[in-house]
Amino acid sequence: MNRKSLLIAALSAAFLAACSSSDNNTPATTTPPVAAAPKNVIFFLGDGMGLTTMTAARIYAVGEDGELTMDTLPETAFVKTFSNDAQVTDSAPSMAAYMTGVKMNNEVISMSQNTNAIDPITDAAGNKLGNNCGTNNGTAATTLLELAKTAGLGTGVVSTARVTHATPAATYAHICHRDLENDIAAAAVPGGAGYNSALGTTGLDVLMGGGSQFFKPVKDGGKRADGRDLIAELKAKNYAYASNATEFSAIDGTKTDKLLGLFTSSHMSYDLDRDPAKEPSLADMTTKAMDVLSRNSKGYFLMVEGGRIDHALHETTAKKALQDTVAFDNAIKAAIAKAKLTDPTLANTLIVVTADHDHTLVLNGYAKRTGKTTAASAGVLGVVKNYVTGAADKDLDGAPYPIIGFGNGENRVQGSRASQASLDESVTGASTYHQEAVIRMGAGGETHGGTDVFLGAIGKGAETFTGTIDNTKVFTLVKNAAGL
């Protein structure tokens, strides 16, 4: 290297050193750390929403070639739903499997696999709500919601059923039998007797649905034999409270840290029967819950249940079940749209949609396409009409038969169906019509089915939901996607 090159190198080094240092007049600059984006999970559970119910709801709402929001989710899987002790599960262990990754016995709420479901006993008020679980009967299984609380995330539970019912209970409570709804309610009250300490010192941030009877003492029309007023206790813990749609609408979720909404004594109304002046829709509850939970800069875990799909299927009132499925789908649509306002590509938001189990609903015959249900047409709720002639198809007794039927249920014609010769869609399309069943059961006694259910996902980690998987694996996939 010549002298000129050496001089240039020295000057360059000095210049770089000067640039990298700071004197008394020029403070050093540092790049502030970038706050981590909030990680959100919204877990939608259509109670009893089997694949046939989904198909029927699609035809009911938008016709055979239409799409529900559920149909547009980019990642899909099939989920096996059997419980630890039964081929056909009930809602308690199936939802608990999603929430804990543990396969447990029917009627058990988020407990270890060795927990026995022991029926409640009569309490001091004469109700079968007394805890008879006994000692050494299993241990609590940690839920996704509890993991979210531990991570500092916001947590919320929304349902059209009682908030103490099996599906919502499996997110925040641990008990040997799903019917112990007084105990389940107590698990949600921070600092109170029976509180689930795994929810931390502050508890759930949002709890909305029906079931106020399990939060009120007997003297106030509730079912609590212990005399506690859990609503008052929760208000004392700074929960904003709504008991009807007017009070609900008055609450600004963007300025509310804690929200309790109990809109009915038992389950909320079927969507077909819902009075908007008294009860908010599932979509409205979902988006307001998102407002409250979004105040947490770390993110949130929200569970949303379309709980009454299941109840209408047990009744074999198909129109109610399909309308509640559509209301559930509307909540999914509203949630996705709202999430995209702050997370346009859902890079940090996982939305999962699934069901806890199937039912025995079937679509009969070779019906011609009906299109969606309207005031002028029963659509899929009508009778089977020949796809060539358009005339009503007949069974061996010479009678028409409905497109929708059930494997079991309360409306089974005894003997010949010849008495059903005048059956038409004005009958089968009614809101209160109980579709016919193959095996006769008591009123409301239609059973769950054991068929695999649908799962759809969109957003962060959605691509991991593929194939046919066990319900316990869903827990792991959600946990990993959320970094819990």
Side-chain angles (χ1 to χ4, degrees), residues 92 96 99-100 107-112 115-143 145-150 155-157 159 161-241 243 257-262 265-266 303:
M99 292 297 105
T100 70
E107 300 178 312
V108 173
I109 297 288
S110 294
M111 296 286 286
S112 56
T115 305
N116 295 314
I118 301 176
D119 289 345
I121 57 176
T122 302
D123 64 14
N127 298 312
K128 288 198 70 175
L129 292 167
N131 191 322
N132 193 34
C133 290
T135 58
N136 301 316
N137 186 14
T139 55
T142 302
T143 72
L145 187 145
E146 291 167 348
L147 291 173
K149 284 294 297 185
T150 300
T155 54
V157 175
S159 177
R162 298 191 293 264
V163 296
T164 51
H165 213 234
T167 297
T171 67
Y172 68 87
H174 307 275
I175 204 154
C176 85
H177 201 287
R178 58 178 288 173
D179 289 349
L180 292 166
E181 294 188 62
N182 278 341
D183 292 46
I184 292 167
V189 183
Y195 174 59
N196 176 15
S197 61
L199 299 176
T201 57
T202 57
L204 299 169
D205 299 297
V206 174
L207 183 62
M208 284 193 286
S212 64
Q213 61 185 310
F214 298 109
F215 291 77
K216 296 178 180 180
V218 172
K219 67 180 181 65
D220 293 334
K223 289 190 174 180
R224 298 201 64 86
D226 59 8
R228 292 174 66 186
D229 183 342
L230 302 189
I231 295 174
E233 291 183 28
L234 286 163
K235 285 181 178 180
K237 295 291 183 179
N238 298 316
Y239 282 80
Y241 177 61
S243 64
D257 291 323
K258 300 283 186 180
L259 176 57
L260 172 68
L262 298 173
S265 177
S266 186
M303 192 288 294

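Scope of the values below: all heavy atoms of this structure, side chains included, with no hydrogens, waters or symmetry mates. This one's a predicted model, so the numbers in the text were calculated from it and none came from an experiment.
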Colleague: With rounding to the nearest 0.5 Å, note down the distance linking OG1 in Thr142 to CE in Met99.
Modeller: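 The OG1 atom of Thr142 sits 13.0 Å away from the CE atom of Met99.
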Colleague: How long is the straight-line distance from OG1 of Thr155 back to CG of Leu145, given to the nearest 0.5 Å?
Modeller: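 Answer rounded to 0.5 Å: 4.5 Å.
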Colleague: Check whether any side-chain N or O of Asn182 sits under 3.5 Å from a backbone N or O of Lys223 as a donor-acceptor pair, and report yes or no.
Modeller: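 Such a contact is found between Asn182 side chain and Lys223 backbone.
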Colleague: Tell me whether Asp123 contacts the main-chain N or O of Ala125 through its side chain, where contact means a donor paired with an acceptor under 3.5 Å.
Modeller: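 Pair found, side chain donor or acceptor close to backbone of Ala125.
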Colleague: Hey, does Ile118 have a side-chain heavy atom less than 4.5 Å from the side chain of His177?
Modeller: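 The answer is no; the side chains never approach within 4.5 Å.
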Colleague: Sub-3.5 Å donor-acceptor pair from the side chain of Arg224 to the main-chain atoms of Asp229, do we have one?
Modeller: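 Between the backbone of Asp229 and the side chain of Arg224 there is no qualifying donor-acceptor contact (under 3.5 Å).
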Colleague: Which heavy atom of Ala188 sits nearest a heavy atom of Pro190, and at what distance?
Modeller: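 It is O-CD, 3.2 Å.
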Colleague: Identify all side-chain donor-acceptor contacts of residues 230-241 below 3.5 Å with residues at least two apart in sequence or on another chain.
Modeller:
unit_1	atom_1	unit_2	atom_2	d
Glu233	OE1	Arg228	NH2	2.7
Glu233	OE2	Arg228	NE	3.0
Tyr239	OH	Leu204	O	2.4

Colleague: To the nearest 0.5 Å, how far apart are OG1 in Thr115 and CD1 in Ile175?
Modeller: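 If we round to the nearest 0.5 Å, Thr115:OG1 and Ile175:CD1 are 11.0 Å apart.
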Colleague: Measuring from atom CD1 of Ile121 to atom CG of Asn127, what distance do you get when rounded to the nearest 0.5 angstrom?
Modeller: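 Between atom CD1 of Ile121 and atom CG of Asn127 there are 12.5 Å.
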Colleague: Contact between Met111 and Cys176 at the side-chain level, heavy atoms closer than 4.5 Å - yes or no?
Modeller: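 In short, these two side chains do not touch, never coming nearer than 4.5 Å.
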Colleague: Could you tell me whether a side-chain N or O of Asn137 sits under 3.5 Å from a main-chain N or O of Cys133, the two making a donor and an acceptor?
Modeller: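 Yes; judged by distance alone, with no hydrogens or angles, the pair exists.
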Colleague: Quick one: does any side-chain atom of Tyr195 pair with a main-chain N or O of Gly200 as donor and acceptor, under 3.5 Å?
Modeller: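 Yes, the answer is positive, given that a donor and an acceptor are paired below the 3.5 Å cut-off.
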Colleague: Using every non-hydrogen atom in the two residues, find where Val157 and Pro168 come nearest and quote the distance to one decimal.
Modeller: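 It is CG1-CB, 3.6 Å.
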Colleague: Please answer whether the main-chain N or O of Tyr172 pairs with a side-chain N or O of Asn196 as donor and acceptor at a distance below 3.5 Å.
Modeller: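 A pair under 3.5 Å: yes.
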Colleague: Identify the heavy atoms of Ala170 and Thr143 that sit nearest to each other, and give their distance.
Modeller: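 Residues Ala170 and Thr143, closest heavy atoms: O-CG2, 3.5 Å.
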Colleague: Atom OG1 in Thr100, atom CD1 in Ile109: separation rounded to 0.5 Å?
Modeller: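 So the OG1 of Thr100 and the CD1 of Ile109 are separated by 10.5 Å.
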Colleague: Measuring only between side-chain heavy atoms, which start at C-beta, is Leu260 closer than 4.5 Å to Met208?
Modeller: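 The answer is no, as the side chains (C-beta and beyond) never meet within the 4.5 Å cut-off.
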Colleague: Considering only heavy atoms from C-beta outward, does the side chain of Glu181 approach that of Gln213 to under 4.5 Å?
Modeller: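 Of all side-chain heavy-atom pairs linking Gln213 with Glu181, none is under 4.5 Å.
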Colleague: For the CG atom of Asn131 and the CG atom of Asp179, what is their distance to the nearest 0.5 Å?
Modeller: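 The CG atom of Asp179 is 12.0 Å from CG of Asn131, to the nearest 0.5 Å.
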Colleague: If you look only at pairs with a residue in residues 201-212, which of them pass as a side chain to side chain donor-acceptor pair (under 3.5 Å), with sequence neighbours excluded?
Modeller: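 Non-adjacent pairs meeting side chain to side chain donor-acceptor pair (under 3.5 Å): Lys149-Thr202, Asp205-Lys258.
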Colleague: Taking side chain as C-beta onward, heavy atoms only, is Val163 less than 4.5 Å from Leu262?
Modeller: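 Yes, their side chains come closer than 4.5 Å.
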Colleague: Does Ser112 reach the main-chain N or O of Thr139 with its side chain, forming a donor-acceptor pair under 3.5 Å?
Modeller: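 Judged by distance alone, yes, a pair lies under 3.5 Å.
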